[in-house]
> 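Okay, here's the structure, questions in a sec.
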Amino acid sequence: MRIAVAADSTDGVAAVLVDELGRRGHEVLVHGALAAGDRADWAWSAEAAARDVAAGRADQAVVCCWTGTGASIAANKVAGVRAALCADAYTATGARRWNDANVLALSLRTVSEPTLAEILDAWFAGTPSSDPDDAANVAHTADI
Ligand SMILES: O=C(CO)[C@H](O)[C@H](O)COP(=O)(O)O
């Protein structure tokens, strides 16, 4: 898959995230501090990755900041994006299954390397539910 990755700093698991995605065979498009150096603004960097998904330049994105919260808020403002802030594998599985999430938001600072690997395993193993109720909920989020 082609994955857009944005981070506002190179703290924590930023470098490991990019390496891990490449190791898993994904093509990685980097934004923010991953492209421009040590620091970037979280709203702009997450927006850039989210817009890659919305425009079809990327299949999915991973957006990061220290907490993951700002990056998830920014990404979710882009039409067609469903960003999920995940701190564990269960949430990542649910985000793909029940929310058809197409952007993974992560904290650079609170997610450990082992937990990051678990989250990525769950995220990429996940597929959207075929339950019509789930599809209706997801569709409604575009109309809110
Ligand atoms: O977690 C974040 C936003 O949710 C940011 O990473 C944190 O606020 C630091 O950003 P800055 O260095 O621009 O103040």
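Just so it is clear, the values below take in all heavy atoms, side chains as well, and ignore hydrogens, waters and symmetry mates.
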> Side chains of Arg97 and Thr127, heavy atoms from C-beta outward: is any pair under 4.5 Å?
no

> Would Ser112 and Thr115 satisfy side chain to side chain donor-acceptor pair (under 3.5 Å), going step by step from the backbone distance to the final call?
CA-CA 5 Å; Ser112 67; Thr115 300; 3.0 Å; yes

> Considering all heavy atoms of both residues, which atom of Leu106 and which atom of Val62 are nearest to each other, and what is their separation?
CD1-CG1, 3.7 Å

> Once salt bridge (Lys or Arg N to Asp or Glu O under 4.0 Å) is applied, do any residues pair with Arg51, and if so which ones, sequence neighbours excluded?
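Result, salt bridge (Lys or Arg N to Asp or Glu O under 4.0 Å) vs Arg51: Glu47.
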
> Determine the minimum heavy-atom distance between Leu34 and Ala14, stating which atoms define it.
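In this case the closest contact between Leu34 and Ala14 is CD2-CB, 4.0 Å.
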
> Do Val5 and Leu120 land in one hydrophobic cluster if side-chain heavy atoms of ILVMFWY residues count as linked below 4.5 Å?
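Looking at the clustering, Leu120 is in the same group as Val5.
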
> Is there a donor-acceptor contact under 3.5 Å linking the side chains of His31 and Asp52?
yes

> Do Thr67 and Thr110 have side chains that approach each other closer than 4.5 Å (heavy atoms only, starting at C-beta)?
no

> Please find the pair of heavy atoms, one from Ala6 and one from Ser45, that lie closest to each other, and give the distance.
CB-O, 3.1 Å

> Of Cys86, Ser129, Pro128, which meets side-chain contact (heavy atoms from CB on, under 4.5 Å) against Arg96?
Pro128

> Would Arg23 and Asp19 satisfy side chain to side chain contact (heavy atoms under 4.5 Å, CB included), going step by step from the backbone distance to the final call?
CA-CA 6 Å; Arg23 199 183 63 74; Asp19 288 349; over 6 Å; no

> Under the criterion side chain to side chain contact (heavy atoms under 4.5 Å, CB included), I'd like the reasoning laid out for Asp8 against Arg39: C-alpha separation, chi angles, the key distance, then a yes or no.
CA-CA 6 Å; Asp8 68 339; Arg39 297 283 307 139; 4.1 Å; yes

> Between Thr141 and Arg82, is there a side-chain heavy-atom distance shorter than 4.5 Å?
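Arg82 vs Thr141: side chains touch.
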
> Shared ILVMFWY cluster between Val138 and Trp123, side chains joined below 4.5 angstrom?
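No; Trp123 is not reachable from Val138 via cluster members.
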
> Are Val30 and Met1 connected into the same hydrophobic cluster when the rule is that any two of I, L, V, M, F, W, Y join if their side-chain heavy atoms are below 4.5 Å apart?
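They do share one cluster, since a chain of ILVMFWY contacts under 4.5 Å joins Met1 to Val30.
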
> Are the side chains of Cys64 and Leu17 in contact, using a 4.5 Å heavy-atom criterion?
yes

> Does Phe124 share a hydrophobic cluster with Val13, counting links as ILVMFWY side-chain heavy atoms below 4.5 Å and allowing steps through other members?
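Hydrophobic grouping puts Phe124 with Val13.
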
> Short question: side chain of Asn137, backbone of Pro132 - any donor-acceptor pair under 3.5 Å?
no

> Can you name the nearest heavy-atom pair linking Trp42 to Ala71, along with the distance?
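Looking at all heavy atoms of both residues, the shortest contact is CE3-N, 3.9 Å.
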
> Mind checking salt bridge (Lys or Arg N to Asp or Glu O under 4.0 Å) for Glu113 and listing every partner two or more places apart, or none if nothing turns up?
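With sequence neighbours excluded, Glu113 shows a salt bridge (Lys or Arg N to Asp or Glu O under 4.0 Å) to no residue whatsoever.
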
> Just verifying a value: how many Å separate Asp38 CG and Ser9 OG, rounded to the nearest 0.5 Å?
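It is 7.0 Å, given to the nearest 0.5 Å.
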
> Any side-chain to backbone donor/acceptor pair from Ser107 onto Trp66? Under 3.5 Å, distance only.
yes

> Could you report the tightest heavy-atom contact between Ala84 and Ala101, atom names first, then the distance?
CB-CB, 4.0 Å

> For the residue pair His26 and Val18, establish whether any side-chain heavy-atom pair is separated by less than 4.5 Å.
no

> Are any side-chain N or O atoms of Asp131 and backbone N or O atoms of Asp133, one a donor and one an acceptor, separated by less than 3.5 Å?
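The answer is yes, because a donor-acceptor pair under 3.5 Å joins these two groups.
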
> To which residues is Val103 joined in a hydrophobic cluster, defined by side-chain heavy-atom contacts under 4.5 Å among Ile, Leu, Val, Met, Phe, Trp and Tyr, whether direct or through other members?
Val53, Val63, Val78, Val81

> Nearest 0.5 Å, please: how far is CD1 in Ile3 from CD in Glu27?
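It comes to 9.5 Å.
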
> Are Leu104 and Gln60 close enough that some pair of their side-chain heavy atoms sits under 4.5 Å apart?
no

> Are the side chain of Asp88 and the backbone N or O of Thr91 linked by a donor-acceptor pair below 3.5 Å?
yes

> Identify the two heavy atoms, one from Thr10 and one from Ala33, that lie closest to each other, and give their separation to 0.1 Å.
CG2-O, 3.9 Å

